[in-house]
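Written out below as structure tokens is the structure these notes cover.
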Amino acid sequence: RLPIDRPAFRPSASAILLTAFLAYVGVQQVPDMLAGYSGSVGHNVGFTFGQLIAGFGAIVAAGYVLRGRSPYPFLAVGLLSAILTAILAVVTYNNPTPGPPFAGLISNGGTDARAVGSFFNPNYFGSFEAVVGVVALGLAMASRSRMLRVLLLITTGFMGLGMALSLSRGALVAFVGGLVALAVTRLRLRTAFLSGAALLAV
């Protein structure tokens, strides 16, 4: 784009929700920030908050740079990578020393009986599967093709299996949060409220 051809800033409901979440987490980590992120716990808090800010910036930048372009190639790559790592996680689940051809594809994070796939940390793996699973459900809700909806639902189920084997509570919270966001943005207000309340209760 030319410098004079800048896109207008029109925050959507999803952008407002994401910004509110960033502010919510930001307030919670202020004590550690004021303490200079000292100690191992403080260091982990600062490291994780930095990752969150980087991810938030990537989403905002992508929203501007890719505006007007088809999102489907990027979504397809994300779905494919999530499916492959879920398959890898299920095949190598509770097997710290898998043989070829999987040995060179996984990173043993030193956890027992938790799926990691190609990730080092089962929480990162579970969160990745949760996020892409919500994306797949959103695409299924918007798709007009019955075959594509069925394929996306099957894909979501398999990613859900990988997420469950990761035993990650954070991934479960991320998945439920994504489902609530889908309910708010895709369903009628009353249905969204009831669905969100049920999901939060679960």
Side-chain angles (χ1 to χ4, degrees), residues 6-67 71 74-75 78 81-82 85 89 107 109-112 114-138 159-160 162-187 189 192-202:
R6 296 178 181 176
F9 180 71
R10 299 186 185 92
S12 62
S14 298
I16 293 173
L17 183 65
L18 187 62
T19 304
F21 176 72
L22 182 67
Y24 170 73
V25 177
V27 169
Q28 295 185 62
Q29 62 86 48
V30 166
D32 291 284
M33 180 180 64
L34 294 177
Y37 297 117
S38 60
S40 59
V41 175
H43 175 76
N44 289 334
V45 169
F47 178 74
T48 306
F49 187 61
Q51 288 182 316
L52 179 65
I53 293 176
F56 177 80
I59 292 171
V60 173
Y64 280 106
V65 174
L66 303 177
R67 176 175 292 183
F74 303 95
L75 295 175
S81 62
T85 194
S107 177
T111 56
D112 296 326
R114 295 184 69 182
V116 293
S118 55
F119 288 73
F120 180 79
N121 189 307
N123 294 316
Y124 292 168
F125 162 68
S127 297
F128 176 63
E129 295 297 316
V131 170
V132 182
V134 171
V135 170
L137 281 177
M159 287 187 286
M163 182 185 69
L165 293 178
S166 73
L167 301 178
S168 173
R169 292 169 293 182
L172 179 61
V173 171
F175 187 67
V176 171
L179 293 182
V180 171
L182 275 181
V184 170
T185 56
R186 301 292 303 181
L187 302 177
L189 184 59
F193 177 77
L194 294 175
S195 301
L199 287 169
L200 290 175
V202 171

statement: Between G26 and Q29, the two heavy atoms sitting closest are O-NE2, 3.1 Å
message: Rounded at 0.5 Å granularity, tell me how far CZ in R169 sits from CG in N123.
response: 8.5 Å
query: Which value, rounded to the nearest 0.5 Å, describes the distance between S168 atom OG and F175 atom CZ?
result: 13.0 Å
task: Write down the atom of A82, the atom of E129, and the distance for their closest heavy-atom approach.
output: O-OE2, 3.1 Å
task: Could you check L165 against F125 for side-chain contact (heavy atoms from CB on, under 4.5 Å), going step by step and ending with a plain yes or no?
output: CA-CA 10 Å; L165 293 178; F125 162 68; 5.9 Å; no
task: Classify the angle between the aromatic ring planes of Y24 and F21 as parallel (below 30°), tilted (30 to 60°) or perpendicular (above 60°).
output: tilted
message: Measuring from atom OG of S127 to atom CE of M163, what distance do you get when rounded to the nearest 0.5 angstrom?
response: 9.5 Å
query: What closest approach, in Å, do V134 and L182 show between heavy atoms, and which atom pair accounts for it?
result: O-CD1, 3.7 Å
query: What are the two closest non-hydrogen atoms of A171 and A130, and how far apart are they?
result: O-CB, 3.4 Å
task: Rounded to the nearest 0.5 Å, what's the gap from CG on L18 to CD1 on I59? Could you check?
output: 5.0 Å
statement: Minimal heavy-atom distance between R114 and S166, with the atoms involved, is NE-O, 2.8 Å
query: Checking side-chain contact (heavy atoms from CB on, under 4.5 Å) for the pair I53/F49: CA distance, chi angles, key distance, verdict?
result: CA-CA 6 Å; I53 293 176; F49 187 61; 3.3 Å; yes
statement: Tightest non-hydrogen contact, residues T85 and S118, listed as OG1-OG, 3.0 Å
